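Everything below concerns the one structure shown next.
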Amino acid sequence: MGRPRETRESREAIPPLTAGRVVANHGREVKVAGADGVRLACRLHGRKLEAVCGDEVRYGHASSGDVTGTVYEILPRRRSLSRLTGLGRSEAIVANLTQLVAVAATVPSPDWNVIDRYLAGAEWAGIKAVVIFNKCELGISDTAAAELASYAALGYPVVHCSTRAAPGIEGLVRHLAGEVSVLVGQSGTGKSSLLNALAPEAHAITQEISAATEEGRHTTTHAALHVLSSGGDLIDSPGVRDYAPPLPQVRDISSGFIEIAAAALGCKFQDCMHDTEPGCQVRREVEAGVIRRRRFDSYRHLVTMGREFDARFPERRRPPARVR
Ligand SMILES: Nc1nc2c(ncn2[C@@H]2O[C@H](COP(=O)(O)OP(=O)(O)O)[C@@H](O)[C@H]2O)c(=O)[nH]1
Ligand SMILES: [Mg+2]
Ligand SMILES: [Zn+2]
């Protein structure tokens, strides 16, 4: 990645390059912001280069007088959020983010297993996670309150919000400062409303894109990074909003559930799947009510899914380490 192909193009003299970040992605066209924040429309040099929002790049002007810039190199991604493709592979959708913001709400009725999956995705991606409970001016059921308390007990910040009434979105604003975040969650929980409240120009940008598409311009993907005036960056991408994380290898799924991973250290067998093995500390803690059974069920559900994937996509399974 990042090295231009051996074409006539790539043998052209490469102009002086500067460092920037991809802040909008329209397929082969991207917008890159320099250190000064100035945004420049750029094309990608060579067909092999693939950029996603948040990518750090090196870019320049292919020739003086060229109004469009050219991205020549994509720097290695520190942390990226990937999605599962139809072939069971993982594909980066945003790069270099630091935080996932999982949004649940009073309505639609929360699916906590979905929240577990997002939180697991954050753990696997090595990024922080926050749980937002939106529309809280409509009230919070006892079940929701108990689930939210259990996330807080695990160490995930839980923030109550409303885009319509008190307590507003102040709590969310505080958590976004200094981070590069994405909003994920079930449809209808208020992600677009939150984004519009945080980045008022976001709405205009969305409108602009759909208008351009109607005129026949080809925009298959679009993602944008909003620099919030309240601090922090928020990446919005259609692929991210309905995000489901790609599953790691089945034996690594427990690392997405911090309390299960912690208890697993006490299992008799190091490769315990917390199924029927003797001496399983995880199952002991589930029985004792230390680990929430619903979380354990979420974990087990993902293990079942992982096994199904392994059967459907054999290339997903890492070849066993061979001793020769
Ligand atoms: N009562 C209430 N409704 C909200 C709130 N935030 C958003 N909504 C409404 O919830 C619906 C779905 O919001 P939207 O932002 O499109 O959700 P998204 O699918 O997650 O992007 C819309 O009708 C919003 O007006 C809130 O804080 N309280
Ligand atoms: Mg929306
Ligand atoms: Zn176990």
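For the numbers below, each heavy atom of this structure counts, side chains included, while hydrogens, waters and symmetry mates do not. Throughout, numbering of the chain's residues begins at 1 and tracks the sequence. Indexing begins at 1, ligand by ligand and atom by atom, following the structure's order. This one's a predicted model, so the numbers in the text were calculated from it and none came from an experiment.
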Problem - Angular separation of ND1 (H274) and SG (C280) seen from the Zn ion (ligand 3), to 10° - result: 110°

Practice task
Could you tell me whether the side chain of Y156 reaches within less than 4.5 Å of the side chain of I258, counting heavy atoms only?
Solution key: yes

Problem - Nearest-neighbour protein heavy atom for atom 17 (O) of ligand 1, which is reported as residue plus atom name and distance - result: G190 N, 3.0 Å

Fill in the blank from the handout: Within the 4.0 Å heavy-atom cut-off, what V103 brings close to ligand 1 is neither

Exercise for the section: Check whether any side-chain heavy atom of F257 lies under 4.5 Å from a side-chain heavy atom of L302, and answer yes or no. Expected result: yes

Handout entry: Close side-chain approach of N96 and R21, heavy atoms under 4.5 Å
Key = no

Completion exercise
Out of S192, G188, G168, P108, the nearest non-hydrogen contact to atom 19 (O) of ligand 1 is supplied by G188

Problem - Shortest protein contact, atom 2 (C) of ligand 1 (heavy atom only) - result: E137 OE2, 3.2 Å

Fill in the blank from the handout: Closest to atom 27 (O) of ligand 1 among protein heavy atoms sits T163 N, 2.8 Å

Fill in the blank from the handout: In this structure, atom 8 (N) of ligand 1 is nearest to the protein heavy atom K135 CE, 3.7 Å

Practice task
Check whether any protein heavy atom sits under 4.0 Å from atom 22 (C) of ligand 1.
Solution key: no

Fill in the blank from the handout: Within 4.0 Å of some non-hydrogen atom of S162, the atoms of ligand 1 are 27 (O)

Problem - Path from F313 to V250 over hydrophobic side-chain contacts below 4.5 Å - result: yes

Exercise for the section: Output yes when R293 and E285 qualify as a salt bridge under the 4.0 Å nitrogen-oxygen rule, no when they do not. Expected result: no

Problem - Check: A51 main-chain N/O paired with N25 side-chain donor or acceptor under 3.5 Å - result: yes

Handout entry: Sidechain-backbone polar pair: K135 side chain, V107 backbone, donor-acceptor under 3.5 Å
Key = yes

Problem - Polar protein atoms (N, O or S) that approach the Mg ion (ligand 2) to under 2.8 Å - result: S192 OG

Fill in the blank from the handout: Looking at K191, Q186, R164, the heavy atom closest to atom 9 (C) of ligand 1 belongs to R164

Fill in the blank from the handout: The SG(C267)-the Zn ion (ligand 3)-SG(C272) angle, to 10°, is 120°

Problem - salt_bridge(R43, D66) N-O dist < 4.0 Å - result: yes

Handout entry: Heavy-atom donor-acceptor pair, Q186 side chain to D111 backbone, under 3.5 Å
Key = yes

Problem - Ion pair R292/D116, N-O distance below 4.0 Å - result: no

Handout entry: Atoms in ligand 1 with a heavy atom of N134 nearer than 4.0 Å
Key = 5 (C), 6 (N), 27 (O)

Problem - Sidechain-backbone polar pair: T189 side chain, A105 backbone, donor-acceptor under 3.5 Å - result: no

Exercise for the section: Output the list of atoms in ligand 1 that are nearer than 4.0 Å to some heavy atom of S187, sorted by atom number. Expected result: 19 (O)

Exercise for the section: Answer yes or no on whether R312 is positioned over the face of F309, meaning its NZ or CZ is under 6.0 Å from the six-membered ring centre and within 45° of the axis. Expected result: yes

Exercise for the section: Flag the pair F133 / P110 as yes when at least one side-chain heavy-atom distance between them is below 4.5 Å, and no otherwise. Expected result: yes

Problem - Closest protein heavy atom to atom 7 (C) of ligand 1, given as residue, atom name and distance to 0.1 Å - result: S193 OG, 3.3 Å

Problem - Distance-only N or O hit between ligand 1 and C161, under 3.5 Å - result: no

